[in-house]
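Sequence lines set the chain letters: A, B, ... in the order given, protein chains first and strands last, and positions in each chain run from 1.
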Amino acid sequence: MVESGLLNFFESFAKKESLFLSKKALQSSYIPETIHHRDEQVKKIANVLAPALRHDKPSNLFIYGKTGTGKTSTTKYVIKNMQYAAKGKNIPLEIFYLNCKLKRTADTEYRLMAQLASFFGKAVPPTGLPTDEVYKIFFDVVDKKRQTVILVLDEIDQLVNKAGDGVLYNLTRINDDLSNSQISLIGISNDLLFVDNLDPRVKSSLSEEEVVFAPYNALQLQSILKERVELSFKKGVIGEGVIEKCAAYSARDHGDARRALELLRVSGEIAERNGNQKVKIEHIDEAEDSIEKDRVFETIKTQPKQHQAALYSILSLQSKQNLIFTGEIYDFYKQICGKINLRPLTQRRISDILAELDVFGIINTKVISKGRYGRTREISLSINKSTIPHIKKILEEGLDL
DNA sequence: AGGTATTCACATGAAACTATTCTCTGAGTTAGG
DNA sequence: TAACTCAGAGAATAGTTTCATGTGAATACCTGT
């Protein structure tokens with residue numbers, strides 16, 4: 001017995017023409033053939049790194065700029081070309097790109113060194129060894145032959161604020177001990193103030209050279225979008241003013257190209273799902289809404305139970321009063337824990353959890369003083385009111401309330 | 001009235017602890033010669 | 001005697017707890033007018 005409604009759906013779905021050619025060029029990992037509006041930066045990075053092709057040590061380089069300004073793409077682009085050039089001339093050059101933010105990859109000193117060692121073919125167990133042992137393994141394998149190594153550490157601020165700047169200090173000094181090889185560092189960060197909190201020695205050696213990526217303006221975003229549209233959408237699918245609006249949206253908050261592309265992709269998907277032949281401006285609004293919602297639902301779903309319980313407390317209290325304080329949440333939270341048989345954490349910890357939820361953009365917290373009545377966090381929800389029931393349901397499922 | 005001191009209810013920091021996952025080492029055991 | 005097994009020591013890490021210290025302004029308390 002086949003459900004005819006569903007069958008119809010699948011049939012018409014298959015018949016429906018896709019608006020996309022390929023979504024590859026809309027993904028943030030895509031590296032275009034030519035990088036637009038970043039000539040200056042490309043030139044500068046290339047200039048700094050070029051000595052490697054003559055077996056001289058390139059200066060360390062520090063790159064910063066907000067998210068979605070093309071730091072990573074541009075860097076990868078230069079690297080790719082360099083590797084190609086080096087290969088052609090048989091120059092011993094190794095370039096590694098590492099994203100320090102990826103959990104369980106390179107976010108601690110141990111894991112960073114382990115990753116590096118494994119790049120050189122020495123697998124290191126994920127735990128169990130002393131850190132200096134791993135360091136030594138890396139050192140030995142690098143120094144085995146004469147070569148220039150360039151290390152690109154993306155989101156280097158994440159590494160430092162988890163593991164401290166000792167790692168960088170060691171890495172910048174490693175050249176003194178290496179006899180055959182030489183290592184240069186490229187640090188990429190989207191936190192402009194990040195270098196200021198660094199050990200001065202690390203700071204000066206890491207930022208021998210600097211490159212800054214300014215946000216794209218609306219016009220630049222438009223031209224980037226146009227190029228990607230050619231590659232990813234079928235001809236004539238994009239309606240009047242769509243690109244302009246996407247660009248304007250993203251230029252408004254710090255010129256984030258990644259967001260602009262995502263917006264465009266989701267708009268396309270929505271149009272396609274609705275059976276439209278063209279992507280229209282209305283779809284963009286819908287897309288923005290849906291991206292935001294998905295983000296929130298996703299983060300909430302993946303939170304640990306304790307966080308969910310805390311958030312549930314906030315939602316419950318929020319229906320009664322607009323502003324909530326830490327103490328109230330903690331009391332409510334303890335009740336919930338009793339109900340669902342969860343070991344309650346200390347208030348100290350809940351305080352941190354609230355701060356974390358704030359960072360996720362699920363709640364807004366502000367530390368205020370109520371004078372005689374103490375100091376506390378003033379908490380309000382930063383999510384759309386209409387989604388609250390849905391979120392509550394998600395939480396109730398997660399906590400089996 | 002104006003100025004100072006208190007006080008509250010947490011925030012914020014640092015260190016220590018716990019549980020888990022994993023390696024390495026060396027003692028004890030087993031099996032084959 | 002070589003190979004194997006297995007428990008125990010030692011690491012890294014995430015998530016907490018414990019302990020200690022910090023803090024901003026509404027109130028309480030003075031003080032001199």
Side-chain angles (χ1 to χ4, degrees), chain A residues 98-118 121-141 155 157-171 193 197 199 299-314 317-318 321-338 340-360 362-380 382 398-399:
Chain A
L98 256 179
N99 189 325
C100 305
K101 194 177 150 190
L102 297 177
K103 289 233 165 191
R104 298 170 199 287
T105 306
D107 56 346
T108 66
E109 178 164 17
Y110 182 97
R111 297 213 262 247
L112 176 66
M113 297 322 282
Q115 271 295 315
L116 296 179
S118 77
K122 277 263 184 205
V124 174
T127 169
L129 297 183
T131 305
D132 19 336
E133 190 73 20
V134 183
Y135 193 78
K136 232 183 89 204
I137 293 174
F138 168 68
F139 186 91
D140 289 344
V141 76
E155 316 231 20
D157 44 331
Q158 300 286 328
L159 172 69
V160 169
N161 85 54
K162 258 197 80 175
D165 51 12
V167 202
L168 296 183
Y169 182 67
N170 288 336
L171 275 176
L193 301 171
N197 308 323
D199 182 317
T299 37
I300 289 175
K301 254 186 236 166
T302 53
Q303 290 298 307
K305 280 213 164 160
Q306 300 287 4
H307 293 58
Q308 291 189 347
L311 183 57
Y312 188 77
S313 312
I314 297 171
L317 288 167
Q318 197 266 346
Q321 57 200 89
N322 224 342
L323 294 175
I324 325 165
F325 306 108
T326 308
E328 298 165 353
I329 292 172
Y330 188 62
D331 290 341
F332 199 96
Y333 158 82
K334 272 197 293 194
Q335 287 175 33
I336 299 227
C337 284
I340 62 173
N341 227 348
L342 190 66
R343 192 174 59 86
L345 302 176
T346 46
Q347 180 157 331
R348 174 71 186 81
R349 180 63 188 136
I350 292 300
S351 177
D352 280 348
I353 287 178
L354 293 176
E356 285 168 35
L357 291 175
D358 186 18
V359 172
F360 282 128
I362 300 171
I363 59 175
N364 268 320
T365 77
K366 201 167 105 199
V367 178
I368 55 154
S369 176
K370 293 193 288 173
R372 192 70 213 259
Y373 306 106
R375 226 163 104 85
T376 182
R377 273 202 180 82
E378 186 183 85
I379 293 157
S380 58
S382 66
L399 298 167

Exercise. May I ask you to decide if A:Lys101's main-chain N or O and A:Thr105's side chain share a donor-acceptor pair within less than 3.5 Å?
Key: no
Exercise. Check whether any side-chain heavy atom of A:Leu171 sits under 4.5 Å from a side-chain heavy atom of A:Leu112, and report yes or no.
Key: yes
Each nucleotide N or O in nucleotides 13-16 of chain C that has a protein N or O under 3.5 Å away: list the pair and distance.
unit_1	atom_1	unit_2	atom_2	d
C:dT13	OP1	A:Thr108	OG1	2.3
C:dA14	OP1	A:Arg111	NH2	2.8
C:dA14	OP1	A:Lys162	NZ	2.9
C:dA14	OP2	A:Lys162	NZ	3.4
C:dT16	OP2	A:Arg349	NE	3.2
C:dT16	OP2	A:Arg349	NH2	3.1

Quiz item: Of all residues at least two apart in sequence or in a different chain, which pass the side-chain hydrogen bond (donor to acceptor under 3.5 Å, both in side chains) check with A:Lys305?
Solution: none
Grab the N/O contacts between the protein and nucleotides 22-27 of chain C below 3.5 Å, and write none if there aren't any.
unit_1	atom_1	unit_2	atom_2	d
C:dT23	O2	A:Arg375	NE	3.1
C:dG24	N2	A:Ser369	OG	3.4
C:dG24	N2	A:Gly371	O	2.9
C:dG24	N3	A:Ser369	OG	2.8
C:dA25	O4'	A:Ser369	OG	3.3
C:dA26	O4'	A:Arg372	N	3.2

Exercise. Report the residues that fulfil salt bridge (charged side-chain N to carboxylate O under 4.0 Å, His left out) with A:Lys122, sequence neighbours left out, ordered by chain and then residue number.
Key: none
Self-check item: Axis bend over the full length of the helix from B:dA1-C:dT31 to B:dA31-C:dT1, computed from five pairs that close each end, to 10 degrees
Solution: 20°
Quiz item: What residues form a side chain to side chain contact (heavy atoms under 4.5 Å, CB included) with A:Ser380, not counting sequence neighbours?
Solution: A:Leu323, A:Asn364
Quiz prompt | Whole-Å distance separating the CD atom of A:Gln115 from the C1' atom of C:dA12 | solution = 15 Å
Quiz item: DNA chain B: A:Leu354 or A:Gly128, which has the more 5' nearest nucleotide?
Solution: A:Leu354
Quiz item: Considering residues at least two apart in sequence or located in another chain, which fulfil the side chain to side chain contact (heavy atoms under 4.5 Å, CB included) criterion with A:Asn170?
Solution: A:Glu109, A:Tyr135
Quiz prompt | Check: A:Ile363 and A:Leu311 side chains under 4.5 Å, non-hydrogen atoms | solution = yes
Self-check item: Results of salt bridge (charged side-chain N to carboxylate O under 4.0 Å, His left out) for A:Asp199 - residues two or more places apart only
Solution: A:Arg201
Self-check item: Where at least one partner belongs to residues 366-375 of chain A, residue pairs that pass side chain to side chain donor-acceptor pair (under 3.5 Å), sequence neighbours excluded
Solution: none
Quiz item: Listed by chain and number, what are the salt bridge (charged side-chain N to carboxylate O under 4.0 Å, His left out) partners of A:Asp165, not counting sequence neighbours?
Solution: none
Quiz item: Contact class for A:Gln347 vs. all strands (heavy atom < 4.0 Å): base, sugar-phosphate, or nothing?
Solution: sugar-phosphate
Quiz item: Less than 4.5 Å apart, any side-chain heavy atom of A:Ile314 and any of A:Ile362?
Solution: no
Self-check item: Whole-Å gap separating C1' (C:dA12) and CD1 (A:Ile137)
Solution: 14 Å
Practice problem: Could you tell me whether the side chain of A:Glu378 reaches within less than 4.5 Å of the side chain of A:Phe325, counting heavy atoms only? | Solution: yes
Quiz item: salt bridge (Lys or Arg N to Asp or Glu O under 4.0 Å): which pairs involve residues 340-353 of chain A, sequence neighbours left out?
Solution: A:Arg348-A:Asp352, A:Arg349-A:Glu356
Self-check item: chain A contact limits on DNA chain B, taken 5' to 3' with a cut-off of 4.0 angstrom to heavy atoms
Solution: B:dT7 to B:dC24
